[in-house]
Every structure is written in structure tokens, then in C-alpha cells.
Amino acid sequence: MGYKLASRREKQEDTFVKVGSAVVGGSLLTMIAGPCAIENREQYLQVAVDLKNAGVQMLRGGAFKPRTSPYDFQGLAAEGLDILAEAHRVTGLPVVTEVLDTRDVETVVKYADVLQVGSRNMQNFALLKEVGRSNGPVLLKRGLAATIDEWLMAAEYIMAEGNSQVIMCERGIRTFETHTRNTLDISAIPALKQLSHLPVIVDPSHAAGKWEMVAPLAKASVAAGADGLLIEVHPCPDDAICDGGQSLTMVNFSGLMKELVPIAKAVGRECRCNAEHLVKKNAI
Ligand code: PEP
Ligand code: MN
């Protein structure tokens with residue numbers, strides 16, 4: 001076996017990853033939401049406040065974007081990190097953002113509460129080692145063509161450097177199916193729960209690639225035992241610089257939060273949604 005620190009055999013009890021006020025792996029479902037990329041200050045701060053009011057535990061937003069084409073928007077970089085830090089100050093919520101390059105880890109860790117290693121970098125071993133030395137919690141996305149064993153081995157690279165705060169994130173894998181952007185591997189949730197003590201969250205947005213499919217996949221993930229969800233939300237998806245087609249509006253996101261409440265309860269968890277805010281937003 002290529003991994004041991006990440007293995008359930010090595011550690012039987014579930015690992016809780018504490019991030020500010022949030023505990024990933026606890027009985028409260030960890031809802032992480034925000035736009036794909038931080039596009040500008042006003043828009044990000046507004047969506048951050050709205051998401052806090054809706055009841056999320058953490059904010060997301062990319063400052064360094066791994067785009068398929070080098071000519072597409074690559075993120076606001078340092079300016080994006082400043083906006084992220086401001087959103088954290090304004091809302092008090094922890095923030096997660098992707099780090100693409102080993103040379104940026106030292107900087108990003110000063111601004112972000114959780115370092116995201118993206119799907120395309122899951123086997124960037126130099127980056128895994130660097131975030132492993134950073135001491136900040138790491139959200140490790142599954143590689144788009146990675147087996148569960150390869151994914152756990154990537155977690156092991158981080159843990160072997162002394163950082164045990166790893167959150168696994170299933171985000172869909174590439175299959176023969178083209179109707180969706182990727183195929184969400186729901187079975188990865190119970191498989192990881194059996195093989196590992198690390199918390200598991202699901203990103204239905206990058207799996208589906210279509211906003212209409214995000215809510216059903218989110219609900220299935222919670223029912224299957226996910227510890228949380230990472231969801232792309234944009235105030236105006238039609239105008240989003242990236243991933244608008246898979247982004248939920250604030251109203252749709254709030255509606256999903258409400259629908260998750262009974263599903264979470266049925267599997268012994270809590271989804272904390274702010275009903276008063278939803279009524280104000282005409283979501284219910
Ligand atoms: C993202 O979360 O913005 C992202 C790029 O995701 P992934 O690495 O899963 O494609
Ligand atoms: Mn995205």
C-alpha cells in the first residue's frame with residue numbers, strides 16, 4: 001500500500017479539520033460557496049456578505065485560475081488575494097483559494113485559511129510537498145483522471161511533510177460521457193470513508209458543468225455521506241468571466257440550502273440555513 005498516514009488502518013477515528021469557526025468532518029455540514037474567480041472587489045464583497053447571510057461556513061474564490069487556454073482570464077493574482085482577505089475581515093468567514101505554483105504558497109497561506117490544490121495539480125508532487133510544509137489546511141481536489149488510490153497517495157505526500165489537515169474533494173472525473181463536464185463519482189464518498197479518516201467534500205459544480213444539475217448532485221452527495229459541499233455561486237452567472245454555466249444564482253443557492261436541511265437531518269447531520277434571509281431574498 002502506498003499510503004499510510006491517510007489510511008483508516010493507521011488512524012481509526014475520523015479527522016476533523018478546523019478552519020476558523022468551521023469544522024470540516026463534524027456534524028454540521030460544511031457549506032463552501034462563492035464565484036469561480038474573484039472578478040472585482042465590489043462584486044466579491046457583496047456575494048460574500050450574501051453567502052454569510054445564507055448560512056455558509058466558508059467562502060471560495062480563485063485569484064490564480066488554472067485555465068485550459070493560456071489566453072483566458074488567469075485571475076487577479078495579488079489583487080484577488082487582497083479582496084479575499086477583505087471578505088474574510090468583513091464576514092469573519094474563513095476563505096479558500098487555489099494555489100497553482102510552489103513559488104506562491106508562502107504568500108497565499110498569509111491570505112487564505114485553506115489552500116486549494118486543484119484537479120490539474122493533484123499529482124504536482126512539488127506543490128503537494130510545499131503545501132505539506134505550510135501548516136495550513138489543504139483542500140485536495142481529485143485529479144480529473146485519478147483513481148482513488150492515486151488521490152489518497154497525493155494526500156499522503158502532503159501528510160508526509162507533517163501537515164495532517166487535508167480535506168478531500170471529489171469534483172468529477174473524466175469518462176466517456178459528454179453530457180456533463182465530468183462524471184461525479186458518488187461512490188468515491190463511501191470508498192474514501194472506508195479507506196481513510198480524512199473528511200470528504202463534494203464539488204458538484206465542476207462535476208456537472210451545468211447549473212441545473214448542481215442541486216440534485218449536491219443532495220445526492222449529502223445523502224451519501226459527504227462532510228460538505230463546494231459550490232460556485234455568482235450574482236449574475238450570465239456575466240461571469242469563468243464557469244458561469246455551472247454557477248448558481250444567490251436565490252438558487254439559498255433554495256438549495258433549504259432543501260438540504262431535511263436530507264442532512266436524515267443522515268444525522270445539520271445544514272444550517274438562514275430562513276429569514278431566504279424569505280427576504282424571495283427564495284422561499
Ligand atoms: C475551481 O475550484 O475553481 C477549479 C478550477 O476546480 P478543479 O480544479 O476541480 O477544476
Ligand atoms: Mn470554476
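As the structure lists them, so they are numbered: ligands from 1, and atoms in each ligand from 1.
- The only option from Lys141, Arg171, Arg142, Arg181 that meets the salt bridge (charged side-chain N to carboxylate O under 4.0 Å, His left out) definition with Asp203 turns out to be Lys141.
- Nearest N, O or S atom of Asp243 to the Mn ion (ligand 2): atom OD2.
- Considering both main-chain and side-chain atoms, Asp203 never comes within under 3.5 Å of ligand 1 through any nitrogen or oxygen pair.
- Ligand 1 places these atoms under 4.0 Å from at least one heavy atom of Glu98: 5 (C).
- Judged purely by distance below 3.5 Å, without hydrogens or angles, the side chains of Ser254 and Lys258 never pair a donor atom with an acceptor atom.
- For the Mn ion (ligand 2), the nearest N, O or S atom contributed by Glu232 is named OE2.
- Across every non-hydrogen atom of His206 and Asp243, the tightest pair is NE2-OD2, 3.1 Å.
- Summary of contacts: the protein heavy atom closest to atom 4 (C) of ligand 1 is His206 NE2, 3.5 Å.
- Of all protein heavy atoms, the one lying nearest to atom 6 (O) of ligand 1 is Lys141 NZ, 3.0 Å.
- Listed here is the closest heavy atom pair of Ser134 and Leu115: OG-CD1, 3.6 Å.
- Seen from the Mn ion (ligand 2), atom SG of Cys36 and atom NE2 of His206 lie 160° apart in angle, a value rounded to 10°.
- Of all atoms in ligand 1, listed by their number and element, those nearer than 4.0 Å to a heavy atom of Gly118 are 8 (O).
- Distances from ligand 1 to the non-hydrogen atoms of Lys65 include at least one value under 4.0 Å.
- With salt bridges taken as basic N to acidic carboxylate O contacts below 4.0 Å, none links Asp14 and Lys193.
- Counted by atom type alone, Thr147 and Asp149 present zero donor-acceptor pairs between their side chains at under 3.5 Å.
- The shortest N/O to N/O separation between Ser119 and ligand 1 falls below 3.5 Å.
- Atoms of ligand 1 found under 4.0 Å from any heavy atom of Arg171 (numbered from 1 in listed order, with element): 7 (P), 9 (O), 10 (O).
- Residues Arg120 and Thr68 come closest through the heavy atom pair NH2-OG1, 4.3 Å.
- Val138 and Val114 make their closest contact through C-CG1, 4.1 Å (heavy atoms, listed as atom of the first residue, atom of the second, distance).
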